[in-house]
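Input: a single structure, listed below in structure tokens.
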Amino acid sequence: VSRHNGYVPLDAGASEQLMSEERVVLTPDADAPPMKEGESILPSEPWKSVWQKLRKSGWSWKGGSGLMTDYYYIKPGCKVKNGVKGVDYFVKVEDVQAYAKKNYG
């Protein structure tokens with residue numbers, strides 16, 4: 001897994017994306033990895049800041065394997081190989097954002 005300090009892989013235009021301010025009650029996943037102690041995510045927080053906090057909490061990323069996948073966003077303790085898409089890793093930044101909103105704020 002490639003680990004570049006502070007680098008945030010983003011889809012085109014994603015740097016302006018914010019975590020939605022919309023209030024929706026979501027039930028967190030029982031197996032969601034914990035955030036690093038003292039870290040929290042605000043609903044209006046920019047994606048770049050959210051991703052940095054996830055990285056501090058053990059999330060990682062690596063470059064995609066083909067034309068259809070730019071990046072893999074990987075939960076702590078998980079791998080792409082033998083992992084389950086949408087459970088152990090994600091391929092769309094929007095899916096990671098939805099997961100973070102549901103599980104971390």
- side-chain contact (heavy atoms from CB on, under 4.5 Å) assessment of Ser40 paired with Met35: CA-CA 7 Å; Ser40 61; Met35 290 294 293; over 6 Å; no
Please report the shortest heavy-atom distance between [X] and [Y], naming the atom on each side.
| X | Y | result |
| --- | --- | --- |
| Trp51 | Val96 | CZ3-CG1, 4.3 Å |
| Tyr89 | Val91 | CE1-CG1, 4.1 Å |
| Lys56 | Lys36 | O-CD, 3.7 Å |
| Asp88 | Lys79 | CB-O, 4.2 Å |

How long is the span from the [atom1] atom in [X] to the [atom2] atom in [Y], to the nearest 0.5 Å?
| X | Y | atom1 | atom2 | answer |
| --- | --- | --- | --- | --- |
| Lys75 | Asn103 | NZ | CG | 7.5 Å |
| Tyr72 | Lys81 | OH | NZ | 12.5 Å |
| Lys92 | Asp70 | NZ | CG | 11.5 Å |
| Ser57 | Ile41 | OG | CD1 | 7.5 Å |
| Lys85 | Phe90 | NZ | CZ | 11.0 Å |
| Gln97 | Lys102 | CD | NZ | 16.0 Å |

- Sub-3.5 Å donor-acceptor pair from the side chain of Glu45 to the main-chain atoms of Leu42, do we have one? yes
- Message: Quick one, Trp61 with Tyr73, criterion ring-ring contact (aromatic ring centres under 6.0 Å, His included). Give me CA distance, side-chain angles, the key distance, then yes/no.
- Response: CA-CA 5 Å; Trp61 68 273; Tyr73 302 90; 8.0 Å; no
- Task: Please lay out, stage by stage, how Trp59 and Tyr99 fare under the test ring-ring contact (aromatic ring centres under 6.0 Å, His included).
- Result: CA-CA 12 Å; Trp59 285 70; Tyr99 185 90; 5.6 Å; yes
- Query: Tell me, do Lys101 and Pro43 make a side-chain contact under 4.5 Å, heavy atoms counted?
  - Reply: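 In short, these two side chains do not touch, never coming nearer than 4.5 Å.
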